[in-house]
Amino acid sequence: MDGDIPAPLPTTVDLRAEYESSGVKELLDDLDHEMIGLKPVKQRLRETAALLLVERARKSLGLTHHTPTLHMSFTGNPGTGKTTVALKMAGLLKRLGYVRKGHLVSVTRDDLVGQYIGHTAPKTREVLKKAMGGVLFIDEAYYLYRPDNERDYGQEAIEILLQIMENNRDDLVVILAGYADRMDKFFESNPGFRSRIAHHIDFPDYQNEELHRIAAHMLTEQNYVLTEGARAAMDDYIALRRGQPHFANARSIRNALDRARLRQANRLFSSAAGPLDATALSTIEEEDIRASRVFSGGLDSGRKEDAA
Amino acid sequence: MRITQGCFSFLPDLTDEQISSQVDYCLSKNWAIGIEYTDDPHPRNTYWEMWGNPMFDLVDPKGVMMELEACRKQFGDHYIRFNAFDSTRGFETVTMSFIVNRPKVEPKIRMIRQEVDGRSQRYSFETVR
Amino acid sequence: MNKQTEIKGKDRYKAGVLKYAQMGYWDGDYQPKDTDLLALFRITPQEGVDAIEAAAAVAGESSTATWTVVWTDRLTAADQYRAKAYKVEPVPGRPGEWFCYVAYDLILFEEGSIANLTASIIGNVFSFKPLKAARLEDMRLPVAYVKTFKGPPTGLVVERERLDKFGRPLLGATTKPKLGLSGKNYGRVVYEGLKGGLDFMKDDENINSQPFMHWRDRFLYVMEAVNKASAETGEVKGSYLNVTAGTMEEMYRRADFAKSLGSVIVMIDLVIGYTAIQSMAEWCRANDMILHLHRAGHGTYTRQKNHGVSFRVIAKWMRLAGVDHIHAGTAVGKLEGDPMTVQGYYNVCRETFNPVDLERGIYFDQDWGDIKKVMPVASGGIHAGQMHQLLDLFGDDVVLQFGGGTIGHPMGIQAGATANRVALEAMVFARNEGRDIKTEGPEILRAAAKWCKPLEAALDVWGDISFNYTSTDTSDYAPTPSASS
C-alpha cells in the first residue's frame with residue numbers, strides 16, 4: 001500500500017536458476033517420469049516452458065510489458081493424455097506466474113450452453129468465473145459451433161468466450177481440445193478462435209508397445225501382475241483393439257484391465273477350493289484377457305467401448 | 001453522511017485491488033460471496049437486493065470482480081456490499097460483510113421520537129434523501 | 001501412596017469411622033462412563049495425609065459421604081451414588097500438589113440447575129480440614145447433562161445477525177468514571193463513544209441505582225444516546241444496561257423498562273448468583289435480548305492457583321446457565337491472565353467441541369452438543385496500540401472493550417472511539433490480506449495513523465504502555481511468557 005520508489009530493474013537473469021527455482025524443472029521431470037510415450041508432446045511442453053521462461057525474464061528486465069497470448073489447442077484422439085497434460089500445463093503456468101491459482105476447470109458444451117433463451121450467458125459466465133485464475137479446458141470444443149442451426153445457443157457461448165479470451169488474458173488460459181480434423185474445421189469457420197490460439201499441441205496415438213507399458217504401469221499401481229501368457233494375450237489384444245471402433249488409446253486399456261480384473265475375480269470365486277494366497281489374488285491369467293469379445297470379432301454388436 | 005455499516009467503513013474507500021484481496025481471503029476460507037445493492041441504508045434494512053445468487057466454488061476473486069463491475073454498471077449510484085457466507089455447522093450465516101460501492105451523495109437517516117409514557121420515547125428511523 | 005482398597009461385605013457398614021478410600025470413593029480401575037460428570041481437582045493435602053485418601057475424601061465429600069458410616073446408606077443404591085476418584089497424579093513442578101480426577105454419576109445432578117451442580121461439586125469439600133487447599137481446575141460435562149440446559153439466550157452467531165456486524169471483533173467501552181456521573185452526563189459519554197465508531201457502550205459492574213443517578217434516568221438518557229448515534233452512523237448500536245439489583249423483582253422491572261426503550265442488550269453481574277443468572281437468561285430468551293455478564297467478584301476464587309475454582313469452570317457453567325457475553329480476560333491488559341490460559345477460556349466459550357489442550361488448561365474433551373456460543377469480552381487496560389496482539393490472540397469473535405483507551409483520548413471521546421475502530425479495521429484488513437500482524441502490527445498501525453489523526457494521537461499517548469507482570473494463574477504444562485514482552 002505504501003508508495004515506495006520502485007526498485008531498479010535487474011541487469012542480468014540466470015535462466016538455469018530460474019528454471020529450477022520456479023519448480024518448472026521438477027514439473028517437467030515429473031511429466032517425463034509419470035507419462036509413458038508422448039514424446040512430441042513433451043517436447044512441445046519443454047519448448048513452451050522455455051518460451052515462457054524467457055518471456056518472463058524479458059519482462060523482469062523491462063524488455064516487454066504485455067502478457068503473451070497463452071490460449072492453446074490440444075488435438076488428438078481420445079485417451080491420448082490431453083486432460084492429464086492440461087493439468088500439467090496449468091501447473092506450469094502457475095509456477096511461471098502466468099495464472100494466479102493454477103486450477104483446471106474441465107467442461108464440455110453442455111456445461112456452457114443452455115436449453116432456452118437467456119440461459120446460455122449466465123451458464124457460460126458461471127463456468128468462466130470458476131475458471132478465473134486457472135485454466136479452462138473445453139473438451140470437444142467444436143460442438144459449440146453448429147453450422148446447420150443458425151439459432152443455436154452455442155454461438156452465444158462462443159461470443160462470450162472470445163471476449164473473455166481477449167480481455168482477460170491475465171486471468172485465465174483457455175485450452176480447446178478434440179479430434180484434429182474436427183478442430184481444423186472449427187477453426188476454419190471461427191477465425192476468431194484461430195487468431196487467439198497461440199499454441200497448438202498435437203497428441204499422437206500411442207504405439208502398441210507404449211500401450212503395453214501403460215497397461216503394466218496401471219497394473220503395478222493396483223498390485224496386479226500378468227502371467228507370461230497374459231502378457232502375450234495383452235499384446236494381441238492391443239493390436240486387435242486398435243482396429244476396432246471406439247478405440248480410445250490409454251482409456252481402452254484401462255477399461256480392458258477393469259474387465260480382466262472382474263473375470264479374474266469370477267474365476268477365483270468359482271474355481272478356488274481352498275485358501276488363496278496373495279499371489280493368486282493378484283495374478284491375472286491369460287484366460288482373463290482372452291475371454292474378451294475383442295478376440296471374437298469385436299464390438300460390432302453395437303455395444304460401446306465399455307464392453308471391451 | 002457516511003454510513004459505517006460493514007467491516008471496513010472506517011478505512012478510505014477500497015480500491016478494486018484491495019477488494020480483490022479481501023475476496024481472495026474469503027475464497028481461501030471456502031466462503032461463498034454474495035453481491036447485494038440498495039438505495040436504503042436504514043440500519044434495519046436487512047434484505048438488500050441480490051445481484052444474482054451467492055457465488056459458490058470460485059477459486060479466484062476475478063469472477064466476483066466481474067460481477068461487481070456489471071452491478072456497478074447498472075447500480076453505480078447505490079450502495080453495493082459483499083457478503084461472505086460460511087456454511088460451517090454452528091455458524092451458517094454471513095461471516096463477513098463490507099461495502100464496495102457508495103452513492104455519490106449518501107442519504108441521511110433521521111431519528112423520529114414518539115412520546116410514550118412520561119419521558120420515555122419510542123425511537124424510529126427514516127432514510128431521507 | 002499406599003495401596004488403598006475398598007472394604008466390601010458386612011464390614012463396610014459396621015458403625016465407626018472408615019477411611020474414604022475404604023468406603024469406596026477410590027477406584028483406580030474405574031473407567032468413566034460417557035454420561036459421567038468428570039471433575040479435576042488440584043489438592044494440597046495436609047502433611048501426612050495420603051494423596052489417594054485425600055482424593056477419595058474429595059470424591060466422598062462432593063457426593064454421598066459423611067465423616068462416619070451410616071446404616072441408612074443401605075436403603076439406597078449407594079455404590080452407584082458414590083463419586084469415584086479414579087486417578088491421582090502429582091502436579092508437575094509443584095511439590096505437595098496433586099491432580100485428582102473424580103467421576104460422578106449423572107443421577108447425582110438435577111437437570112438444568114447450576115445451583116444444584118455447584119452445591120454438589122464445590123458445596124462442602126473446599127473447607128475440608130485434611131486439605132490445606134483445593135481448586136476445581138476443570139470439568140467434563142456429559143452431553144446428556146449439557147442438553148438439560150438452554151444455554152445462551154442469543155448466542156454469538158445470532159447476536160451478529162441482530163447487530164448486522166460481521167467479519168471483525170466488536171468494539172466497546174465502559175462509560176467512565178464508574179461512579180458519580182449524572183444520567184445526563186452519562187448519556188453524553190455513551191453518545192460520543194458510539195458516534196465515534198464503537199458498537200457498544202457499557203455500564204460498569206457497580207453502576208446500579210445510586211444517589212447520583214437513578215437507574216431510570218440512566219436508561220432514558222442512554223437510549224436517547226444509542227438511538228441518536230444509530231441515526232448518525234446507519235449502524236445498530238447498543239449499551240449494556242446493568243439491571244443488577246437487590247431482588248429478582250427489581251431486576252425484572254429494570255429489564256422490562258430497558259426492553260420498552262428498545263435496547264438490544266441488558267447486563268448483569270456474576271455476584272447476583274447462579275440462579276438469578278439463569279432466571280435472567282430465561283427472561284432474555286423470552287424478550288429477544290442479548291445478556292451481558294460482567295464477572296464481578298470472580299477474582300476472589302479464580303485467581304490463586306492452589307485454591308478456588310478456575311475461571312474455565314466458571315465459563316463452562318455460565319455457558320450452560322445461558323449468558324451471551326462474558327468477560328474472559330485480555331492477556332495483555334491490566335488484569336490477571338496469561339495468554340494461553342486466557343485462550344483456553346475463549347475456547348470454552350466459543351468452540352462446539354473442546355479437545356484436551358493441556359497448555360491452555362483444558363483437561364477434558366468437552367462436547368457442547370450444539371449449545372450456542374458465548375461471545376467473550378476482553379476488557380481492562382487495553383488500548384489501540386495492542387490491536388494486533390488482541391486480534392492475533394482472540395480472532396474475530398470477541399468484544400474488545402477500550403474504556404480508558406476511548407474516553408481518555410486527548411482529542412475527545414469520539415476521536416478515541418474512531419482511533420480504536422480505525423485500528424481494528426486496518427488490522428483485520430491487513431490480516432485478511434495475508435500480512436503477519438503479530439510482527440508487522442505496529443507498522444500497520446503507524447501506516448493507518450498517517451491518515452487518521454485520532455489514531456496517531458492514541459499511539460503517541462499509549463503506544464508503549466504494557467502490563468508485564470507475571471500471572472499467578474498459569475498453565476502447568478507450558479512456559480507462558482507475557483504476551484506483550
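Throughout, protein chains are lettered first and strands after them, A, B, ... in sequence-line order, and every chain is numbered starting at 1. The basis for the numbers below is simple: all heavy atoms, side chains too, and nothing from hydrogens, waters or symmetry mates.
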For B:Tyr123, is the NZ or CZ atom of C:Lys228 found under 6.0 angstrom from the centre of its six-membered ring and inside 45 degrees of the ring axis?
no

Taking the side chain as every heavy atom from C-beta outward, state whether C:Phe429 and B:Ser21 have any pair of such atoms under 4.5 Å apart.
yes

Nearest heavy atoms of B:Thr4 and C:Arg421, plus distance in Å:
O-NH2, 3.0 Å

Heavy-atom pairs under 4.5 Å with chain B, option from C:Arg160, C:Lys165, C:Arg216, C:Glu161 with the top count
C:Glu161

So, C:Lys373 side chain and B:Gly90 main chain: donor-acceptor pair closer than 3.5 Å or not?
yes

Checking B:Gln5 side chain against C:Gly234 main chain: does a donor-acceptor pair fall under 3.5 Å?
yes

Is B:Arg119 close to chain C through its backbone or its side chain, or both, or neither, when contacts mean heavy atoms under 4.5 Å?
both

Part of C:Asp199 within contact of chain B (heavy atom distance under 4.5 Å)
neither

Structural part of C:Phe257 lying under 4.5 Å from a heavy atom of chain B
side chain

Is any side-chain heavy atom of C:Asn432 closer than 4.5 Å to one of B:Met96?
yes

Bottom line for C:Asp370: the part with an atom under 4.5 Å from chain B's heavy atoms is side chain

So that I can tick it off, tell me whether C:Asp164 and B:Arg44 are bridged by a salt bridge, with the cut-off set at under 4.0 angstrom between side-chain N and carboxylate O.
no

At a 4.5 Å cut-off on heavy atoms, which part of C:Lys237 comes close to chain B: side chain, backbone, both, or neither?
neither

